[in-house]
Amino acid sequence: MQTVHRSQITAELNSRIKAAHNVFVLTGAGVSAESGVPTFRGGGNSAVWKGLPFDVISSAQMVQRDLPAVWEWFDYRRGVLSGLAPNAAHETVAKWQDRFPKFTLVTQNVDGLHTKSGSRDVVELHGNIWRTRCISCNARFEIPADGPRPNDCQNCGDHLRPDIVLFGEMLPTGTFELAAEKAAECELCFVVGTSALVYPAAGLPEIAKSAGAYVCEINAERTSLSDSCDAVLTGKAGELLPMLDQL
Ligand code: OAD
């Protein structure tokens, strides 16, 4: 990965950050990469599970067809996550909620690391791997980090599934609407560590931009979003975000 150069930070980005009152941050798997969480695309090692591509094993059809296999995959992912800690990127984002008068954090990540680093009111577009949901009554239950995962709903006794938005499923009611409303209100939008390929999440920077925000992408590589961003910083989120925080 390319070394981060401070020269990527233009005078305009510098002054936008200093003047910002309403900041919106959208994060993806790349923000957790330096914590050791594999990304989905771009060389991550979790893209295939027992011969099944992640978008097959993480799909609504697979919950119908083979719920134990879905659990096997998510149990494995929770196992990977259980020993991991937030990194400097999560920590900087957590600081920003107190730096800027208005601040919104929207994540596509299900790993819970933003909350673990102190971020409050995180809008989790794709759910959380540390929660289960009943397939019948939708009751939600936390999964303890150090205890057994509950199998059956304590409410109605039916099976539990991961409380994650899987391929082929809609986002939870109101979640995207809230994120879109905040994106449309912000002056400065950061898009951090996402390939920006999965909609509707990838549409949020476009909403911010068309409502007049200055959009800055932070990613290890260019994405399909880069050409429409006002600033593109190429490098590690865990280096670039703390650098921006020093401005
Ligand atoms: P991807 O795995 O598609 O993209 C990760 C992005 O992070 C890539 O663009 C990398 O270049 C970038 N990246 C990697 N390491 C980085 C670092 N240290 N600093 C900055 N950037 C880095 O992940 P997402 O875009 O989050 O959905 O994927 C979107 C959704 O696809 C996920 O939420 C998941 C998956 O299906 C669900 O789980 C429902």
Side-chain angles (χ1 to χ4, degrees), residues 1-10 13-14 16-18 20 23-46 77 80-100 103-126 128-130 179 182-183 186 188-198 201-202 204-205 208 214-223 225-226 229-247:
M1 192 181 297
Q2 167 175 343
T3 318
V4 170
H5 291 294
R6 196 173 279 271
S7 60
Q8 292 188 82
I9 301 168
T10 61
L13 176 58
N14 188 338
R16 295 266 181 177
I17 291 174
K18 284 187 173 139
V23 173
F24 178 96
V25 176
L26 171 68
T27 64
V31 85
S32 295
E34 289 154 74
S35 293
V37 183
T39 58
F40 296 91
R41 302 172 187 83
N45 64 8
S46 69
R77 286 181 62 195
V80 170
L81 287 170
S82 60
L84 303 182
N87 65 58
H90 300 105
E91 281 156 15
T92 302
V93 173
K95 273 170 81 179
W96 283 2
Q97 71 198 342
D98 297 318
R99 169 173 175 172
F100 299 105
F103 183 80
T104 305
L105 170 60
V106 176
T107 190
Q108 298 165 85
N109 299 346
V110 298
D111 56 30
L113 288 175
H114 279 301
T115 302
K116 206 169 177 181
S117 73
S119 280
R120 303 181 293 269
D121 303 325
V122 185
V123 181
E124 293 177 323
L125 289 176
H126 294 163
N128 192 305
I129 201 163
W130 299 101
K182 299 292 183 184
C186 78
L188 182 56
C189 168
F190 290 97
V191 190
V192 189
T194 175
S195 56
L197 291 172
V198 176
L204 291 167
Y214 186 90
V215 179
C216 173
E217 176 178 66
I218 296 175
N219 200 302
E221 58 192 25
R222 289 184 72 84
T223 71
L225 204 68
S226 305
C229 291
D230 299 292
V232 177
L233 306 184
T234 305
K236 293 182 176 180
E239 293 177 8
L240 282 161
L241 282 167
M243 204 179 272
L244 294 179
D245 190 48
Q246 296 305 309
L247 299 175

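Quick note: residue numbers are just sequence positions, from 1. The figures that follow rest on heavy atoms only: side chains count, while hydrogens, waters and symmetry mates do not.
- Side chain of Glu34 to backbone of Pro86: no donor-acceptor contact under 3.5 angstrom is found.
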Handout entry: Test side chain to side chain donor-acceptor pair (under 3.5 Å) applied to Thr27 and Thr107, step by step
Key = CA-CA 5 Å; Thr27 64; Thr107 190; 2.7 Å; yes
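- Across all their heavy atoms, Pro38 and Val80 have their closest contact at CD-CG1, 4.2 Å.
- In this model, no donor atom of one side chain and acceptor atom of the other lie less than 3.5 Å apart for Glu221 and Thr234.
- Residues Leu13 and Tyr214 meet the side-chain proximity criterion, which asks for heavy atoms closer than 4.5 Å.
- Remark: side-chain polar atoms of Ser35 are not paired, donor with acceptor, to backbone N or O of Val37 under 3.5 angstrom.
- Shown here for Gly118 and Ala94, the closest heavy-atom pair between the two residues is C-CB, 4.1 Å.
- Side-chain contact between Leu225 and Pro205: present, with at least one pair of heavy atoms (C-beta onward) separated by less than 4.5 Å.
- Listed for the Lys236 side chain is no donor-acceptor partner under 3.5 Å among the backbone atoms of Gly30.
- Aromatic ring orientation, Phe100 versus Trp96: perpendicular (interplanar angle above 60°, classes split at 30° and 60°).
- Between the CG atom of Leu113 and the CD atom of Glu91 there is a distance of 10.5 Å, given to the nearest 0.5 Å.
- Side chains of Glu217 and Ser226: a donor-acceptor N/O pair is present below 3.5 angstrom, by distance only.
- Donor-acceptor pairing under 3.5 Å is recorded for the side chains of Ser32 and His90.
- Among all heavy-atom pairs drawn from Thr39 and Ala33, the shortest one is CG2-CB, 4.1 Å.
- With rounding to the nearest 0.5 angstrom, the CD1 atom of Ile218 is 12.0 Å from the CD atom of Glu239.
- For Gln108 and Thr194, the side-chain atoms include at least one donor-acceptor pair closer than 3.5 Å.
- Note that the CG atom of Asp230 and the SG atom of Cys189 stand 9.5 Å from one another [nearest 0.5 Å].
- Under a 4.0 Å N-O distance rule, the pair Lys182/Asp121 does not qualify as a salt bridge.
- Side-chain contact between Val232 and Gln8 is absent, with no heavy-atom pair separated by less than 4.5 Å.
- Put simply, the side chain of Val93 reaches to within 4.5 Å of the side chain of Phe103, judged on heavy atoms.
- The CG atom of Leu244 sits 6.0 Å away from atom CG of Leu233, with the distance rounded to the nearest 0.5 Å.
- For the pair Ser119 (side chain) and Thr115 (backbone), a donor-acceptor distance under 3.5 Å is absent.
- By the 4.5 Å heavy-atom criterion applied to side chains, Leu204 and Val106 are counted as neighbours.
- A salt bridge links Asp245 to Arg99: one of the charged nitrogens lies within less than 4.0 Å of a carboxylate oxygen.
- A side-chain donor-acceptor contact under 3.5 Å links Asn109 to the backbone of Gly28.
- Val191 is listed as a side-chain neighbour of Val215, based on a closest heavy-atom distance under 4.5 Å.
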Exercise for the section: Verify side chain to side chain contact (heavy atoms under 4.5 Å, CB included) between Leu188 and Phe24, making sure each step is shown before the conclusion. Expected result: CA-CA 6 Å; Leu188 182 56; Phe24 178 96; over 6 Å; no
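- Taken from OG in Ser82 to CH2 in Trp130, the straight-line distance is 5.5 Å, to the nearest 0.5 Å.
- For Lys116, the NZ atom is densely surrounded, since the number of other residues' heavy atoms within 6.0 Å is greater than 12.
- Residues Leu247 and Ile9 form a side-chain contact, since some pair of their non-hydrogen atoms from C-beta on lies under 4.5 Å apart.
- Of all heavy-atom pairs between Asn128 and Gly112, the closest is ND2-CA, 4.1 Å.
- Rounded to the nearest 0.5 Å, atoms CG (Asp111) and CZ (Arg77) are 8.5 Å apart.
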Practice task
Applying side chain to side chain contact (heavy atoms under 4.5 Å, CB included), run through Val123 and Leu105 and close with a yes or a no.
Solution key: CA-CA 6 Å; Val123 181; Leu105 170 60; over 6 Å; no
